[in-house]
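Below are the structure tokens for one structure; questions will follow.
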Amino acid sequence: MTEADGRLDWRTYSGSGLPPILETALACFTEHGYHGTTIRTVAARADLSVPGLYYHYPSKQALLVAIVSYAMDDLWERSTAALQEAGPDVQRRLDLLVECLVLFHAYRRDLAFIAASEIRSLVGDARTTYIGARDRQQRLMDDVMEDGVARKVFTTAYPREASRAVVTMCTGVSQWYRAEGEHTPQLLAERYRAMTRMTVGAV
């Protein structure tokens, strides 16, 4: 997943990236929902006994927290790597951040979908931590938008609203994208980059 110089290759995806138990839990949550999945179901599908599963993860909530935490960490690392590659050019920062978001939500479709849809199932500190990570991720786009407007590269009169609209558009890919569909993730990212430029009034 890394380039020769040690930086994260944020465009490259191989498998889910999850450990086998979490990959199994993710499949179960995707098929049946968090509340429709039992520990016994996950254990059986992972070829483990229930006590064997509890040895690794003490509860179903712990499985969900681990999955959501991995999703947010992976997206953050890829997003910051994309911005680092873009450098100071604000238009390129926007392009690569959008590309990163689209690729992640296409290649990691199930992971991204569960991380977004099952926030309702997180409790206590886990929910607070997730919201903090989500807000931190959103601020990456907010900062790009505000910088672009300040530099008069983007002409939108509503940078904060445009930022949220673009992020919502990109994250929504996980709700409908299918690998066997019409577009590759790369082609989709290219189209979303073009649509985003129109949204922000890039000059």
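Heavy atoms only: backbone and side chains are in, while hydrogens, waters and symmetry mates are out.
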| request: Look at the side chain of Gln61 and the backbone N and O of Val123, then say whether any donor-acceptor pair between them is shorter than 3.5 Å. | output: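 Yes.
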| request: Report yes if some heavy atom in the side chain of Trp10 is under 4.5 Å from a heavy atom in the side chain of Ser79; otherwise report no. | output: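 Side chain of Trp10 against side chain of Ser79, heavy atoms only: no contact under 4.5 Å found.
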| query | Can a donor-acceptor pair be found between the side chains of Thr196 and Thr199 at a distance below 3.5 Å? | reply |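 The answer is no; no qualifying pair exists.
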| message | Taking the cut-offs as 6.0 angstrom to the six-membered ring centre and 45 degrees off its axis, would you call Arg78 and Tyr13 a cation-pi pair? | response |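 Yes - Arg78 lies over the ring of Tyr13, closer than 6.0 Å to its centre and within 45° of its axis.
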| said: Would the distance check show the side chain of Lys60 and the main-chain N or O of Thr37 forming a donor-acceptor pair, the cut-off being under 3.5 Å? | reply: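 Indeed, once roles are kept as given, a pair shorter than 3.5 Å links the two residues.
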| task | Indicate the atoms forming the closest heavy-atom contact of Thr80 with Glu77, along with that distance. | result |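 Taking every non-hydrogen atom into account, OG1-O, 3.2 Å.
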| said: Taking CG in Asp135 as the centre, count heavy atoms belonging to other residues, nucleotides or ligands within less than 6.0 Å. Is the count above 12? | reply: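 Atom CG in Asp135 is crowded, with more than 12 foreign heavy atoms closer than 6.0 Å.
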| said: For Ile119, is there any backbone N or O sitting under 3.5 Å from a side-chain donor or acceptor partner on Arg127? | reply: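 Judged by distance alone, yes, a pair lies under 3.5 Å.
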| said: Has Thr24 got a side-chain atom pairing as donor or acceptor with Val42's backbone, closer than 3.5 angstrom? | reply: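 No.
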| Is it true that Glu85 and Arg11 have a side-chain N and a carboxylate O under 4.0 angstrom from each other? |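 Looking at Arg11 together with Glu85, the answer is yes, because their closest N to O distance falls below 4.0 Å.
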| query | Under a 4.0 Å N-O cut-off, is there an ion pair linking Asp147 with Arg93? | reply |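 Here Asp147 pairs with Arg93 in a salt bridge, since their nearest N and O are under 4.0 Å apart.
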| Exceeds 12 heavy-atom contacts within 6.0 angstrom, atom CZ of Phe113 |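 Counting neighbours around CZ of Phe113, 12 or fewer heavy atoms of other residues, nucleotides or ligands fall under 6.0 Å, so no.
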| query | Can you check whether Ser163's main-chain N or O pairs, donor with acceptor, with Tyr158's side chain at less than 3.5 Å? | reply |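 Checking the backbone N and O of Ser163 against the side chain of Tyr158, no donor-acceptor pair under 3.5 Å is found.
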| task | Spell out, yes or no, whether Leu187 and Trp176 are grouped together once hydrophobic residues are joined by side-chain heavy atoms under 4.5 Å, including indirect joins. | result |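 The answer is no; the residues belong to distinct hydrophobic clusters.
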| Would you say His105's side chain and Leu101's backbone share a donor-acceptor pair under 3.5 angstrom? |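 Indeed, once roles are kept as given, a pair shorter than 3.5 Å links the two residues.
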| message | Taking Thr168's backbone N and O only, do any of them form a donor-acceptor pair with Thr171's side chain (distance below 3.5 Å, no angle check)? | response |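 Flag set: sc Thr171 to bb Thr168 pair under 3.5 Å.
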| task | Mark yes or no for whether Thr156, through its side chain, and Val200, through its backbone, hold a donor-acceptor pair below 3.5 Å. | result |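 Not at all, since once roles are kept as given, no pair shorter than 3.5 Å links the two residues.
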